[in-house]
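Here's the structure, in structure tokens; my notes come after.
In this chain, numbering begins with 1 at the start of the sequence shown.
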Amino acid sequence: MKELKDILYKVEIVSTVGAMDISIRSIYFDSRQVTEKGLFLAQQGVAVDGHKFINKAIDLGAIVVVCEVFPEKLKEGVTYIKVDNSSKALAIIAANFYGNPSKKVKLVGVTGTNGKTTVTTLLYDLFKKAGYKVGLLSTVKVLVNDKVYKASHTTPDSISINKYLSEMVAIGVDYCFMEVSSHGIHQKRIEGLHFEGGVFTNLSHDHLDYHKTFAEYRDVKKVFFDTLPKTAFALVNIDDKNGQFMLQNTRAKKCTYALKTLADFKAKVLEKSFSGSLLTVNTIEIWIRLIGEFNAYNLLAIYGVAELLGMEKMEVLRLVSDLNSVSGRFQYIVSDNNVTGIVDYAHTPDALKNVLKTINDIRTGNENVITVVGCGGNRDKDKRPKMASIASQLSTQVIFTSDNPRNENPQDIIEDMEAGVAEQDYKKTLSILDRRQAIRTACKLSEPGDIILIAGKGHENYQEIDGERNYFDDLEEVQGCFNLLKKE
């Protein structure tokens, strides 16, 4: 049980009705989960208004209700607390309820359009190899040292974040690396968290279905750095024109990384192949298993964070050279007849361009590059023609297909993509709605030495169609095609 007055510490309260000297057993924002002696917080959600479920929560046992608008009829024996922003209040209440665990582990947040999962996951791997107990909050999974939880959002809800962090504290976790999404920042999910450091990877076209303008998307990211404490570090990719912008108002220690400009952490790509890359990192030569310029940036961010957290420079470089790529990020397999299949999460124009540029930089020029790509439904439509344009310009052959259509007609999505193909590139394109058939067609079109890129879903092992998730794994599909071709 927790004292109500303790978990309301630092919450900006407008008014209250009912007893305040009470204890609660648990906190909820989903009325369906409420149990006896619970606190229910009603949020104005994107799709649902939690205020409509206050009475249901009380019927299930809520004795405290935190809301932005009091119900017309107040029930006796229930404490009502009015706040200006329920989401912000929830984050602070959750942190207080779990004993502010982010102050007891070294928490580093990573934000940006691309690279968040790679940077956080490989930081987890590096610090584990160094012998620390480590936590991870990522798109792919949540790790409490070795215990694995399935991830549902890039940045979990405030209660889940603090619950995971409290588990980490209980087993003595030293460091936690967390993806910080623009949605998570905007929806106040990270309020009340204490960060040891923040990293900015890059910014490009994404989530404009939610943020409406690029400026708004950029400004939301900046809020993360504006709120870092002066005891933290802010590490940004200074080659990105938005890097300096992120640092403008931060109180944190300002640090930079780059490939092309002067920075605190600087690298140069000397050689690259499908087996890895040769780099200089602050003048020291190192071979890494990661591929492409975009991964050189990711590695620099990892190197910078590790050094800023106090790890010895040569130890960091030794550990970095032993890191493997993250699930669904430039994962590749080679068939018996020497066709390379690459699966990558690239689902933004910039990410797709980076992956195809990397492939074209490595290949000799005689191989065909066959790209299978789609775009998600019920999301930012503006990026569809841009991704199709990039794919058709940088590939020998392109197959447009279904990604996660969700509640949209897959054919409509493909037609949005086709609108971005230049006239001279149109002959390179095919459209095959069924993703499995599209991948099989790419395999059948390939010749020895060719490269097949399956873009957009990466680590995801499902397709979301009409609200249902059906099992589907791009890497398994490519491997299955290669096996079939071997038998033919």
Side-chain angles (χ1 to χ4, degrees), residues 108-120 122-123 179-180 182 197-207 214-215 217-222 224-225 228 233-250 252-272 276-286 288 290-308 313 316-317 320 323 325-326 329-330 344-346 348-362 386 390 394:
V108 176
V110 180
T111 195
T113 305
N114 302 310
K116 296 188 296 296
T117 301
T118 297
V119 172
T120 52
L122 293 185
L123 276 167
E179 289 190 48
V180 177
S182 58
V199 179
F200 168 74
T201 58
N202 50 64
L203 207 65
S204 63
H205 190 117
D206 200 17
H207 300 309
F214 185 83
Y217 175 47
R218 176 202 63 195
D219 292 349
V220 166
K221 294 281 191 188
K222 184 176 180 293
F224 173 53
F225 295 93
L228 286 174
F233 63 80
L235 175 63
V236 304
N237 172 6
I238 204 69
D239 280 345
D240 187 293
K241 62 184 179 182
N242 298 288
Q244 194 62 51
F245 180 76
M246 298 295 155
L247 294 177
Q248 279 180 2
N249 303 110
T250 190
K253 178 184 176 182
K254 299 176 181 179
C255 307
T256 58
Y257 67 96
L259 295 182
K260 299 169 184 173
T261 52
L262 288 173
D264 299 306
F265 304 102
K266 182 80 186 288
K268 184 178 181 181
V269 181
L270 304 177
E271 295 176 18
K272 43 196 167 185
S277 309
L278 181 65
L279 311 178
T280 56
V281 177
N282 283 6
T283 72
I284 300 171
E285 219 168 85
I286 178 175
I288 62 169
L290 308 181
I291 303 160
E293 186 177 271
F294 63 96
N295 267 324
Y297 280 109
N298 292 335
L299 180 136
L300 267 179
I302 294 160
Y303 173 82
V305 168
E307 196 170 308
L308 288 165
K313 177 169 60 177
V316 178
L317 291 172
V320 159
L323 295 175
S325 62
V326 176
R329 271 66 176 176
F330 216 98
D344 194 272
Y345 189 53
T348 67
D350 193 52
L352 184 61
K353 184 177 181 180
N354 284 337
V355 171
L356 283 168
K357 184 176 180 296
T358 296
I359 292 169
N360 282 304
D361 285 347
I362 293 172
K386 294 177 182 178
I390 290 164
L394 299 178

### Query
Closest heavy-atom contact between K221 and S182?
NZ-N, 3.7 Å

### Task
Might you work through the side chain to side chain contact (heavy atoms under 4.5 Å, CB included) test for K386 and K353, ending with a clear yes or no?
CA-CA 10 Å; K386 294 177 182 178; K353 184 177 181 180; over 6 Å; no

#### Entry: Where A301 and V199 come nearest, the two heavy atoms and their spacing
CB-CG1, 4.1 Å

### Message
If I take atom CG from residue N242 and atom CG from residue L203, how far apart are they, to the nearest 0.5 angstrom?
### Response
5.0 Å

### Summary
Of T118, L317, I288, the one forming a side chain to side chain contact (heavy atoms under 4.5 Å, CB included) with L299 is I288

### Message
Using side-chain heavy atoms (C-beta onward) and a distance below 4.5 Å, is L290 in contact with L122?
### Response
yes

### Short side-chain to backbone donor-acceptor contact, T120 and E179, under 3.5 Å
no

#### Entry: Between CG on residue L352 and NZ on residue K357, distance to nearest 0.5 Å
13.5 Å

### Message
Rounded at 0.5 Å granularity, tell me how far OG1 in T348 sits from CG in N354.
### Response
8.0 Å

### Minimum heavy-atom distance I390-P349, with the two atoms named
CD1-O, 3.3 Å

### Query
Passes side chain to side chain contact (heavy atoms under 4.5 Å, CB included), Q244 versus V236? Steps please.
CA-CA 8 Å; Q244 194 62 51; V236 304; over 6 Å; no

### Residues forming a side chain to side chain donor-acceptor pair (under 3.5 Å) with N237, sequence neighbours excluded
none

### Task
Assign the ring pair F294 / F330 to parallel, tilted or perpendicular, where the plane angle (0 to 90°) is split at 30° and 60°.
tilted

### Query
Any donor and acceptor pair, going by atom type alone, linking the side chain of T256 with main-chain N or O of D264 inside 3.5 Å?
yes

#### Entry: Identified side chain to side chain contact (heavy atoms under 4.5 Å, CB included) partner of T201 from the options L300, D240, V110, N114
V110

### Query
Which atoms form the tightest heavy-atom contact between A234 and A252, and what is the distance?
N-CB, 3.9 Å

### Task
Look up atom OG1 in T113 and atom OH in Y217, then write down how far apart they are to the nearest 0.5 Å.
3.0 Å

## Note on the structure
In short, A296 meets L279 closest at the heavy-atom pair CB-CD2, 4.2 Å

### From L228 atom CG to N249 atom CG, the distance as rounded to the nearest 0.5 Å
12.0 Å

### Message
I need the single residue from Y297, Y257, F265 that forms a ring pair (Phe, Tyr, Trp, His ring centres under 6.0 Å) with Y303. Which is it?
### Response
F265

### Task
Locate the shortest heavy-atom distance separating F233 from L308; write the atom from each residue and the value.
CD1-CD1, 3.6 Å

#### Entry: Atom NZ of K222 with >12 non-hydrogen neighbours under 6.0 angstrom
yes

### Query
Among N298, T117, N295, D344, which one satisfies side-chain hydrogen bond (donor to acceptor under 3.5 Å, both in side chains) with R329?
T117

#### Entry: From I238 atom CD1 to K254 atom NZ, the distance as rounded to the nearest 0.5 Å
10.0 Å

